[in-house]
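To start, the structure itself, in structure tokens.
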Amino acid sequence: ARGHGDGGAAEQASQVRATNDGTEAGEHADGKLRGARDAGQRVTARDYVCRMTIDAPLLDALRTRGQLYQYTDHLPAALAAGPLRAYCGFDPTAASLHVGNLVPVMGLRRLVAAGHHVVALVGGGTAMIGDPSGKSAERPLLTADDVAANGAAIGRQLRGLLGDGVTMVDNGDWLGATGLIPFLRDVGKHFPVNGMLAKDTVRSRLESGISYTEFSYMLLQAYDFLQLFQRHGVTLQLGGSDQWGNITAGTELIRRSVGGVAHGMTFPLLTTASGKKFGKSEAGAIYLDPALTSSYAFYQFWINTDDADLPTLLRLFTMLPDDEVLALEASHADAPHERRAQQVLAREVTTWVHGADEYARVRAASAVVFDKRADPASITDAVYETLCTAVPSATRGADALIVAELLEALFGVSRSQAKKLVQQGAVTVNGVKLSPDAVTLPADTAVRGRWVLVRKGAREVGIVAVTAG
């Protein structure tokens, strides 16, 4: 998704206000940065800092929640003057949003809670080009059909996350209708090439190479901002901190082309306490689409949060009041083994993304997996169905419940290993340990004639869905 682009702070010193302590973004800071550059040090947006008190309640709240990285100079006054219209863009380069995309989505959510109006832009046009931000090589070009399918899916997800109050737009509506000659005359003339080359997004790719297609991306994103300014009265763009250059390109285009005033605000790019990129598991990215990441795996991702990451994630991904977050942290410090804070985090995010009913199912399924005392007969069909997506599962007829074959299908053991496990008393079926000479399961073993819960040892669980015949 778009919302993660260029750092580009060096050329915007007069506009930047970062949230950590430091010198004012003026001549002293510029001189300091020039010296750093001369010494061969990399300069980032965090080098532009200001000793100022944030006087806009929303910005102060975002800072408290660890959700504010930088913003343009006049944004506090604009927020104080009344409700704004703000947008964030999401390029449909995949079939689903992932948990990293929840950072800007949560930013939009907080704007709504503060009384502002939000627009979620699906980049049906820009996804055909590819954002070079954060990439060391060219993105593969997607087909128009793939972009359309991805855009429809991501649009549904954004509306579900943000509610009916969000305005949904697709930049393909105007980018697809814009001719090349008018675009170069009306937009391109406002972008000096030397300024574009200075952007981090481009500069980092000069050695490895960047096509004109991706080089032009910042013009398209700037044009999006202009279009939303004119069509919907949008005056604020949000994005990840590496989007700063693209965002300020839009504010400059609005100023130069129509004399308008627009603003930008970015969120920090999120890493774990160990320094890893947030949102990845051993199996890969954690998607919001349950067809790509099951709701059970999604819940487990949050329930397995490292203690060191809890303060950050509770503030970023929940709407819990600050005092409740502090109380959770204190409770967790007293009894970390109970994992109460992780349970609340998993509850809040899973309910937001998948709904309260699905949260209840995956929580119950998790309890079955980790509680050997769970009564198989009390587990609902819905929870068994969830378990089939969460643990190894197999489908068999009622007359084909052969123990060794089931253990092979569920746990990948050989027939001889399966026989040995049964003889050792390491296998239970629906809460009952199998006898050492068990070969088949009676047809009436299945709960309600449908489900067989198999445990191998203390930690491994599998489900057999039983069909008639």
Taking distance alone, no hydrogens or angles, what donor-acceptor pairs closer than 3.5 Å link side-chain atoms of residues 446-456 to residues at least two apart or in another chain?
| from | atom 1 | to | atom 2 | distance (Å) |
| --- | --- | --- | --- | --- |
| R448 | NE | D381 | OD1 | 3.1 |
| R448 | NH1 | A377 | O | 3.3 |
| R448 | NH2 | I379 | O | 2.6 |
| R448 | NH2 | D381 | OD1 | 2.8 |
| R450 | NH1 | D381 | OD2 | 3.1 |
| W451 | NE1 | D381 | OD1 | 2.9 |
| R455 | NH1 | V369 | O | 3.3 |
| R455 | NH2 | V368 | O | 2.5 |
| R455 | NH2 | D371 | O | 3.0 |
| K456 | NZ | E460 | OE2 | 2.6 |

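In this model, no donor atom of one side chain and acceptor atom of the other lie less than 3.5 Å apart for Q343 and R339. Side-chain N/O atoms of R315 and Q67 include no donor and acceptor closer than 3.5 Å. Judged purely by distance below 3.5 Å, without hydrogens or angles, the side chains of T143 and D146 pair a donor atom with an acceptor atom. Side-chain polar atoms of T305 and Q342 form no donor-acceptor pair below 3.5 angstrom. Looking at Q243 and T266, their side chains never bring a donor and an acceptor atom within 3.5 Å of each other. Remark: the N304 side chain and the Y299 side chain contain no N/O donor-acceptor pair separated by less than 3.5 Å.
Listed here is the closest heavy atom pair of C388 and I463: SG-CG2, 3.7 Å. The two atoms that bring G123 and D91 nearest to each other are CA-OD1, 3.4 Å, heavy atoms only. Here the closest heavy-atom approach between residue A308 and residue A273 is recorded as CB-CB, 3.6 Å. Considering all non-hydrogen atoms of both residues, G172 and D170 come closest at N-OD1, 2.8 Å. Across S366 and Q300, no two heavy atoms sit closer than the pair OG-NE2, 3.0 Å. Between P92 and G124 the shortest heavy-atom distance is CD-N, 4.2 Å.
Relative ring orientation between H354 and F298 is described as perpendicular, the plane-to-plane angle rising above 60° on a 0-90° scale split at 30° and 60°.
Rounding to the nearest 0.5 Å gives a distance of 13.5 Å between SG of C88 and CE of M106. To the nearest 0.5 Å, atom CG of residue L288 and atom CH2 of residue W352 are 8.0 Å apart. To the nearest 0.5 Å, atoms CZ (R159) and CD1 (I154) are separated by 14.5 Å. Atom CG of L238 and atom CG of L62 lie 9.0 Å apart (nearest 0.5 Å). Summarising the geometry, atom CE belonging to M265 is positioned 6.5 Å from atom CG belonging to L68; distances are rounded to the nearest 0.5 Å. Once rounded to the nearest 0.5 Å, the distance linking CG of D224 with CG of L219 reads 11.0 Å.
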Evaluate side-chain hydrogen bond (donor to acceptor under 3.5 Å, both in side chains) for Q237 paired with Q221, printing each intermediate quantity in order.
CA-CA 10 Å; Q237 184 180 172; Q221 186 168 334; 2.8 Å; yes
Step by step, work out the side chain to side chain contact (heavy atoms under 4.5 Å, CB included) result for N150 and L142.
CA-CA 10 Å; N150 293 348; L142 300 177; 4.2 Å; yes
When you look at F229 and R85, which way does the side chain to side chain contact (heavy atoms under 4.5 Å, CB included) test go after all the steps?
CA-CA 9 Å; F229 179 86; R85 290 188 179 274; over 6 Å; no
Could you go through the side chain to side chain contact (heavy atoms under 4.5 Å, CB included) check for T178 and Y223 one step at a time?
CA-CA 11 Å; T178 301; Y223 188 60; 3.6 Å; yes
Checking L269 against Y69 for the side chain to side chain contact (heavy atoms under 4.5 Å, CB included) test, could you report, in this order, the C-alpha distance in whole Å, the side-chain angles of both residues, the deciding distance, and whether it holds?
CA-CA 9 Å; L269 297 181; Y69 187 80; over 6 Å; no
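At distances below 3.5 Å, not a single donor-acceptor pair connects side-chain atoms of H232 with backbone N or O atoms of V234. A side-chain donor-acceptor contact under 3.5 Å links T248 to the backbone of G245. With hydrogens and angles disregarded, a donor-acceptor distance shorter than 3.5 Å links the side chain of T64 to the backbone of D60. T386 contributes a side-chain N or O that, together with a main-chain N or O of A382, makes up a donor-acceptor pair within less than 3.5 Å. With D289 contributing its side chain and A291 its backbone, the two residues share a donor-acceptor pair below 3.5 Å. Side chain of D309 to backbone of T272: no donor-acceptor contact under 3.5 angstrom is found. At distances below 3.5 Å, at least one donor-acceptor pair connects side-chain atoms of Y384 with backbone N or O atoms of P376. Between the T167 side chain and the V119 main chain, no donor and acceptor come within less than 3.5 Å of each other. The closest donor-acceptor contact from the side chain of R361 to the backbone of V383 lies at 3.5 Å or more, if one exists at all. S294 places no side-chain N or O within 3.5 Å of a backbone atom of P290 that could act as its donor or acceptor partner.
Side-chain atoms of P268 and S241, non-hydrogen and from C-beta on, never get closer than 4.5 Å to each other. The shortest distance between side-chain heavy atoms of L84 and L75 falls below 4.5 Å. Contact annotation: the side chain of T72 never approaches that of I247 to less than 4.5 Å [non-hydrogen atoms, C-beta and beyond]. Residues P321 and E324 meet the side-chain proximity criterion, which asks for heavy atoms closer than 4.5 Å. With a 4.5 Å cut-off on side-chain heavy atoms, L161 and V166 do not count as touching. Residues Y71 and P76 are in side-chain contact: their nearest non-hydrogen atoms beyond the backbone lie under 4.5 Å apart. You'll find the side chain of L184 reaches within 4.5 Å of the side chain of L180, heavy atoms only. Proximity of L59 to L79: side-chain heavy atoms (C-beta onward) are separated by under 4.5 Å at one or more points.
For W302 and F317, the ring centers are positioned less than 6.0 Å apart.
When each of T126, V122, L121, L97 is checked for a side-chain contact (heavy atoms from CB on, under 4.5 Å) with F90, only L97 meets the rule.
Under the ring-ring contact (aromatic ring centres under 6.0 Å, His included) criterion, F267 pairs with no residue at all, not counting sequence neighbours.
For the pair R396 and E405, the salt-bridge criterion is met [side-chain N within less than 4.0 Å of a carboxylate O].
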